[in-house]
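Chain naming here is simple, since letters A, B, ... match the order of the sequence lines and numbering starts at 1 in each.
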Number of protein chains: 2
Amino acid sequence: MASSRKARLYGGMDAEERRAERRLKLIDAAIEVYGEVGYRGATVKAICEAAELTERYFYESFANSEALLIAAYNHVVGHLHEEMTAAAVAAGDDAEMRLRAALTLYFTRLKEHPKPARVFLLEISGISPAVDAVKLDALRVFGDILVPPTSEPKQGEKAGAATLLSIGMVGAVISIALRWVSKQYPQAVEDVVAIAAGFCRVALTEADRRRGLHLP
Amino acid sequence: MASSRKARLYGGMDAEERRAERRLKLIDAAIEVYGEVGYRGATVKAICEAAELTERYFYESFANSEALLIAAYNHVVGHLHEEMTAAAVAAGDDAEMRLRAALTLYFTRLKEHPKPARVFLLEISGISPAVDAVKLDALRVFGDILVPPTSEPKQGEKAGAATLLSIGMVGAVISIALRWVSKQYPQAVEDVVAIAAGFCRVALTEADRRRGLHLP
DNA sequence: GTTATCTGACAATACATATTGTCAATTCTG
DNA sequence: CAGAATTGACAATATGTATTGTCAGATAAC
């Protein structure tokens, strides 16, 4: 019954499908435009032109520019995190190997796709509290991929310290990535991975050490 | 001769002195307002009201909002870096002690002055290429204070790696600071310093190791 | 006290862009 | 083909803020 109530087809597509396609086109266009002129420099009009759609369809899928930025960011980050997780899993059980695998995938993708990289690294910062929250969550996930949190949930002091370690680690990796990207990849991927891995190892070993309650 | 051509005094002040005072008042007001609503949310009008001056004087001292942001940032960072350097020097010759001293001063000041801290950590990001350049330079100085670069200038590959190490270190420290500030200082200064120092040590020891050309 | 300089409040202008609305052309359904 | 849904181009509106301009009143120099 419910399935019988389908909207008229256009170009062989459902109304929903068309809407979804337009939404995707807008997201792709946004990544493209952000990559060129930045979020701040990107007007609704310019994005719509790049998507070959008119403003009308912008407001069909997004309440405002910020909503599109968030969608674009999640789009980029979603893919990246999935791939990193897969790479880490494929690398086996050794923490060091998993770390290298995830980082290698990360830097490889940044080099392959500069524009999404810019969205991921740069454009997402300092737009609004809502956007910041989305970013913070993504960074948390990013940290968990690189250094999976221990199973037992921690309390107060310890949890705070572990979080700061994770934050510092991600901050280091992202800063390195940002520099590397903006200087147009002067080092080989493996070299950058090696440097970034050093910072991750701190978080890893320090977290271990703290778990052992001040043992030398 | 030249000195005789002084402008009329107002409130006992030279024209130049009055202008300088207004400029300073605007910078202080800007830090205050940025700390409340952020750079993006700060209007020229609001800053002028906070400074108890009118827009006229804004354009007397600054070409536009961005110029004031840069001035405010340099104002904040200038003080901070001077103090950090002094603290490091006072701590003696041991690299570890100098590092701790500089970090301790840094996190102490962040806690004492949240509004300038926000300018320093947050508001400066992603405004424009010009502002980014100012920030990058400040971060470089920041890195050099924490881990002074070796005297002999390096070449190509090595210089790049050293830079990335420094960048990663600063990124870690800043990210930790950002989190700590935004969560309203849940850990003691010494604890945060200990965590941050871990990341700095990586850069320090790794740079040493690389100097020794792949020795174990 | 008179005049030139400076100041503060506020009006006037300029401008860019988001957001909504209109309407004719196109594409489908029956 | 006729009529309805859908689309694209573009106009109209709304809004917010930077930037410049005006002018009366305050302040200092002589």
Side-chain angles (χ1 to χ4, degrees), chain A residues 3-26 29-30 33-34 36-72 123 127-128 130-131, chain B residues 3-26 29-30 33-34 36-72 123 127-128 130-131:
Chain A
S3 68
S4 70
R5 187 150 284 292
K6 280 222 172 174
R8 162 187 274 183
L9 299 181
Y10 260 71
M13 287 189 208
D14 206 312
E16 275 308 310
E17 291 171 319
R18 295 198 303 276
R19 221 155 59 79
E21 167 152 320
R22 286 192 291 258
R23 194 188 133 93
L24 255 191
K25 279 182 84 174
L26 282 166
V33 175
Y34 295 161
E36 301 286 354
V37 300
Y39 170 70
R40 225 167 307 277
T43 65
V44 171
K45 204 174 173 226
I47 291 170
C48 291
E49 275 171 14
E52 297 175 303
L53 292 170
T54 59
E55 294 98 313
R56 188 130 79 85
Y57 297 111
F58 180 95
Y59 295 101
E60 174 194 58
S61 285
F62 304 100
N64 48 47
S65 304
E66 211 174 290
L68 174 54
L69 173 63
I70 291 175
E123 300 303 333
I127 304 299
S128 78
V131 178
Chain B
S3 68
S4 69
R5 188 150 285 291
K6 281 221 170 177
R8 163 189 273 182
L9 298 181
Y10 258 69
M13 284 189 213
D14 207 313
E16 275 308 309
E17 291 171 321
R18 296 198 304 274
R19 220 155 60 79
E21 167 152 321
R22 286 193 291 259
R23 194 188 134 94
L24 255 190
K25 280 182 83 173
L26 282 167
V33 174
Y34 295 161
E36 301 285 354
V37 301
Y39 171 70
R40 226 165 305 276
T43 64
V44 171
K45 203 174 172 224
I47 290 172
C48 291
E49 275 170 12
E52 296 176 302
L53 293 170
T54 59
E55 293 98 313
R56 189 131 75 86
Y57 297 112
F58 181 95
Y59 295 101
E60 174 193 58
S61 285
F62 304 100
N64 48 46
S65 303
E66 211 175 289
L68 174 54
L69 173 64
I70 291 175
E123 300 303 334
I127 304 300
S128 79
V131 178

*Asks:* Report the residues that fulfil side-chain contact (heavy atoms from CB on, under 4.5 Å) with B:A71, sequence neighbours left out, ordered by chain and then residue number.
*Replies:* B:R23, B:I27, B:F62
*Asks:* For A:A15, what residues pass the side-chain contact (heavy atoms from CB on, under 4.5 Å) criterion, not counting sequence neighbours?
*Replies:* A:A7, A:R18
*Asks:* Rounded off to whole Å, could you give me the CZ-to-P distance for the B:R18 and D:dT27 pair?
*Replies:* 13 Å
*Asks:* Please report, rounded to the nearest Å, how far the P atom of D:dT6 is from the CD atom of A:E17.
*Replies:* 14 Å
*Asks:* Tell me the interatomic distance from A:E60, atom CD, to D:dG8, atom P, rounded to whole angstroms.
*Replies:* 10 Å
*Asks:* Between P on C:dC6 and CD on B:E16, what's the gap in Å once rounded to a whole number?
*Replies:* 12 Å
*Asks:* Nearest whole Å is fine: how far is C:dC10 P from B:L53 CG?
*Replies:* 15 Å
*Asks:* Going by side-chain contact (heavy atoms from CB on, under 4.5 Å), name the residues that satisfy it together with A:A42, two or more places apart in sequence or in a different chain.
*Replies:* A:V33, A:Y34, A:V37, A:I47
*Asks:* Tell me the side chain to side chain donor-acceptor pair (under 3.5 Å) pairs involving residues 56-68 of chain B, sequence neighbours left out?
*Replies:* B:R22-B:E60, B:E66-B:S128
*Asks:* With the sugar-phosphate defined as primed atoms, P, OP1 and OP2, and the base as all remaining atoms, what B/S/- string results for nucleotides 18-30 of chain C, 5' to 3', for protein heavy atoms under 4.0 Å?
*Replies:* SBB------BBS-
*Asks:* Between B:I127 and B:R40, which heavy-atom pair has the shortest distance, and what is it?
*Replies:* CD1-NH2, 3.7 Å
*Asks:* Could you pull out all residues at least two apart from A:E36 that satisfy salt bridge (charged side-chain N to carboxylate O under 4.0 Å, His left out)?
*Replies:* A:K115
*Asks:* Please report the distance, rounded to the nearest Å, between OH in A:Y39 and C1' in C:dT17.
*Replies:* 12 Å
*Asks:* When we call it a touch if two heavy atoms are under 4.0 Å apart, what does A:R19 touch: a base, just sugar-phosphate, or nothing?
*Replies:* nothing
